[in-house]
Amino acid sequence: MYKVFKFGGASVKDAPSIKNVSAILTRFSGQKIIVVVSAMGKTTNKLEEIVAAYLAQDQKTFVGLVDELQAYHLEIAAGLFPDKHFHIFELLDDIFTELRAQIQRKPSDNHAFVYDQIVSLGELLSSRIVNAYLLDQGFNSQWLDARSIIRTDNKYQEGQVDWTKTEALCQHYILPLLETHDILMTQGFIGHTSEGFTTTLGREGSDYSAGILAYCCAAKDVTIWKDVPGMLNADPKYFSDTQLLEHISFKEAIELSYYGASVIHPKTVQPLQQKDIPLYVKSFLDPEASGTKISSSALHDSKIPSFIVKKEQLLLTISSKDFSFIAEKHLSDIFETLAHLQIPINIMQNSALNFSILVDRKKVKMEALNAAFVAKYSIRYNEGLELVTIRHYDQHTIDQMTTGKEIILEQRTRNTARFVLRYLE
Ligand code: ASP
Ligand code: MG
């Protein structure tokens, strides 16, 4: 039986962190583990800047950013491999030489395609370095290119998984490799199209890769190693006394991540739930601690209220110009436009003449939005709001979250209360 471990960017951000990953794996010696790694530290953000510089054909910025990224990876490698002639240095050199050569080529008009070909390098670099270190430490580990396993359509930047193909590829390649190796080291976040081009699965998609691989290999369980003790009932960035959710159901985990709990990527749980594969969220700083177990059991779900805060929200109030009711015809038109603009809706509400939607300010390109609606609708904007979701609420927790703030909109179901709030001056 195989395990799947996922190590995110923070767990491989420098040489000591990678040594810690190796120490964690030592604790599981004798077990077969598929290890999924993200890009190191903030590499993906840096690669996004590199893509922007390339598309702008800004050679100077491009070279400067690539220099920084290379220095960062070299420093990590130097902290792991004192021997400068170690083969990994040559490999890193090849990857960066290839990246540098890119600026000489005219960018394709398909920016999402360009993005995926370049941004995927972060995971490739990271998995190469970590695997070299594990081999050096005596692990029986094999590097595997996730692009030969995870098949997607050609929706670049948001590849949609072809489950049948991916499952067949997993069975064909991964399972035999696990017969002869203890560890398979692969990348999160990336896949490939049927033509062999690289795709990515969306930002923070490495958790999802772990879910995909676990599903397709019918793994025993999945562990996501994080810098927090597990899934908490609130984000410790905003709340001082958080509680660990020791055991929650798949359904509850999907609800929490849907509302914005950022500990696990929202798509991760669904494939695991399908095959009843438990998911553990554990701290890489305290690997002994039990963390959170997410499984089919719902026994413990409703004990602790959870709080999810989304900042920088924008409320759009859309009304028809001719004062006609906002009815089904308008709504399908509005949804289609929003889907086309790729603006996800966080909460919505309609009245006779208005349709209000709350969206992440950062995901909205104002000009495109205005242009799309201007002919038929008028739009009002309400900025600087936050969306607070309370799972398993009571009056006390509602008061705690809303006192001193203006409630712009609220919605309640049996288990969940949601408030769009503005801070009072
Ligand atoms: N490296 C990618 C990102 O930062 C994927 C991931 O970390 O999950 O978005
Ligand atoms: Mg990450």
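Quick caveat, the model's predicted, so the values are computed rather than measured. Both counts, for ligands and for their atoms, begin at 1 and track the order of listing.
Less than 4.0 angstrom separates some heavy atom of Ser38 from each of these atoms of ligand 1: 6 (C), 7 (O), 8 (O). Within ligand 1, the atoms closer than 4.0 Å to a non-hydrogen atom of Glu123 are 1 (N), 2 (C), 5 (C), numbered from 1 in the order shown. Every atom of ligand 1 is numbered from 1 in the order shown, and the set under 4.0 Å from a heavy atom of Arg203 is 3 (C), 4 (O), 9 (O). Each of the atoms 5 (C), 6 (C), 7 (O), 8 (O) of ligand 1 lies under 4.0 Å from some heavy atom of Ser206.
Annotation for Lys42: atom NZ does not count as buried by contact number, only 12 or fewer foreign heavy atoms lying within 6.0 Å. No more than 12 heavy-atom neighbours from other residues, nucleotides or ligands sit within 6.0 angstrom of NZ on Lys365.
Checking only distances, Glu204 does come within under 3.5 Å of ligand 1, N or O to N or O.
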Criterion side-chain contact (heavy atoms from CB on, under 4.5 Å) on Tyr381 and Leu369, from CA distance to verdict: CA-CA 12 Å; Tyr381 300 95; Leu369 184 85; 3.8 Å; yes
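The side-chain tip of Lys275 points at the ring of Tyr215 from less than 6.0 angstrom away and within 45° of straight on. By the 6.0 Å and 45° rule, Lys282 does not stack over the aromatic ring of Phe5.
Residues Asp360 and Gln313 have side chains in contact (heavy-atom distance under 4.5 Å, counting atoms from C-beta outward).
Within the structure, the closest approach of Gly205 to ligand 1 falls below 4.0 Å when heavy atoms are considered.
Counting heavy atoms only, Thr44 comes closest to atom 2 (C) of ligand 1 of the residues Val36, Thr200, Thr44.
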